[in-house]
Enquirer: 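First the structure, which I've put down as structure tokens, then a few questions once you've had a look.
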Amino acid sequence: CNTLWGIADKKGCLIVPIQYPSVCYGNEDGFIVSKMNDAGELKYGTINSKNQILLPISYNYIGVFKNFFVYSNNAIIKNAKEANKYECTTFNSDSLFGIMDSAFNLISLPNYSAIVDASETCIKVCKDNKYGILNKEGNLIIDFDEYENFQDILFNCIVILLVPIG
């Protein structure tokens, strides 16, 4: 399908030119968009309502995860299950994920092998088969070396399943 999309404001005035194969998600802070690269591959990035790039349109995957956006370069995407939502079928073993907040501000570069869970105030991540907790600004608040696993993040609190390393 060669359909291209742009973005109009509430009055119907075009604010982002019609140039993107998809506009996958949007709010007042930005939009997930796609474009074909020179190799003919569909890549994703984020723009604001002035068509300024927030995250370069060079990623294989950007998806919504709870209150955050997760992005990666090593995802293989299955077709949209429903409007504005993508289902990842496979992540390569070397896939690394980064995180943006709901306003499309960068929280973390793609440094994590998994984004496991999130609450409004913290994010459970995995790196080198160890788990850590980031706050919503991306600062590590529980180090990867302290515990092998965390049971759950519930209601802005951390419940830790104590499994000493070693």
Side-chain angles (χ1 to χ4, degrees), residues 1-128 131-140 153 156:
C1 182
N2 294 327
T3 303
L4 296 177
W5 298 86
I7 301 167
D9 64 15
K10 291 179 182 178
K11 296 177 183 175
C13 298
L14 198 62
I15 58 173
V16 172
I18 297 170
Q19 63 183 10
Y20 297 105
S22 67
V23 177
C24 304
Y25 178 87
N27 63 31
E28 62 275 0
D29 298 308
F31 305 89
I32 297 173
V33 296
S34 67
K35 261 193 168 175
M36 292 291 209
N37 67 11
D38 293 338
E41 302 165 320
L42 193 62
K43 297 293 183 174
Y44 295 87
T46 60
I47 61 167
N48 63 18
S49 61
K50 296 178 182 166
N51 202 29
Q52 297 168 323
I53 293 175
L54 302 174
L55 185 70
I57 304 171
S58 61
Y59 291 92
N60 285 2
Y61 172 75
I62 300 178
V64 180
F65 183 77
K66 300 202 176 181
N67 299 328
F68 302 95
F69 294 101
V70 176
Y71 64 99
S72 175
N73 251 343
N74 302 90
I76 299 169
I77 306 301
K78 189 175 180 179
N79 291 334
K81 238 179 152 176
E82 54 186 90
N84 301 327
K85 292 189 179 180
Y86 285 80
E87 177 183 340
C88 287
T89 56
T90 309
F91 290 107
N92 299 334
S93 59
D94 61 346
S95 292
L96 294 176
F97 299 91
I99 308 164
M100 294 176 291
D101 66 16
S102 61
F104 293 94
N105 297 309
L106 190 66
I107 293 174
S108 164
L109 294 172
N111 296 324
Y112 303 105
S113 56
I115 311 299
V116 181
D117 201 358
S119 72
E120 290 181 19
T121 59
C122 49
I123 308 160
K124 179 179 166 183
V125 295
C126 182
K127 185 175 183 177
D128 299 324
Y131 295 84
I133 300 288
L134 306 176
N135 65 14
K136 65 182 179 179
E137 289 80 30
N139 300 314
L140 192 63
I153 300 174
N156 303 327

Enquirer: State, without any angle test, whether K43 and N60 hold a side-chain donor-acceptor pair at a distance under 3.5 Å.
Expert: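 K43 vs N60: donor-acceptor pair found between side chains.
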Enquirer: Under 4.5 Å between any side-chain heavy atoms of V23 and I7, yes or no?
Expert: yes
Enquirer: Is atom CG of N37 surrounded by more than 12 heavy atoms (other residues, nucleotides or ligands) closer than 6.0 Å?
Expert: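 Check passes, neighbour count above 12.
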Enquirer: Please identify each residue that fulfils side-chain hydrogen bond (donor to acceptor under 3.5 Å, both in side chains) with N135, with sequence neighbours left out.
Expert: E137
Enquirer: Between OG of S108 and NZ of K127, what distance do you get to the nearest 0.5 Å?
Expert: 8.0 Å
Enquirer: Do the side chains of T46 and V33 get nearer than 4.5 Å, heavy atoms only?
Expert: no
Enquirer: Donor-acceptor check, side chain of S72 to backbone of L96, threshold 3.5 angstrom: yes or no?
Expert: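 A pair under 3.5 Å: yes.
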Enquirer: Is there side-chain contact between I62 and L55, with heavy atoms separated by less than 4.5 Å?
Expert: yes
Enquirer: My understanding is that only one of T3, L4, I57 makes a side chain to side chain contact (heavy atoms under 4.5 Å, CB included) with Y20; could you say which?
Expert: I57
Enquirer: Hey, what do you get for CD1 (I53) to NZ (K35), rounding to the nearest 0.5 Å?
Expert: 7.0 Å
Enquirer: Given I123 and I133, is the side chain to side chain contact (heavy atoms under 4.5 Å, CB included) satisfied, shown in steps?
Expert: CA-CA 6 Å; I123 308 160; I133 300 288; over 6 Å; no
Enquirer: Rounded to the nearest 0.5 Å, how far does OH of Y59 lie from OG of S34?
Expert: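 Spacing of OG (S34) from OH (Y59) equals 16.0 Å.
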Enquirer: Are F97 and N111 close enough that some pair of their side-chain heavy atoms sits under 4.5 Å apart?
Expert: no
Enquirer: Does the side chain of M100 reach to within under 4.5 Å of the side chain of I107, using non-hydrogen atoms?
Expert: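 Side chain of M100 against side chain of I107, heavy atoms only: no contact under 4.5 Å found.
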Enquirer: Are any non-hydrogen side-chain atoms of L134 and I99 less than 4.5 angstrom apart?
Expert: yes
Enquirer: If you look at every heavy atom in N51 and Q19, which pair is closest and at what distance?
Expert: ND2-NE2, 3.1 Å
Enquirer: Would you mind reporting whether Y44 and S58 have side-chain heavy atoms less than 4.5 Å apart?
Expert: no
Enquirer: Any heavy-atom pair between the side chains of F104 and I32 that's under 4.5 Å?
Expert: yes
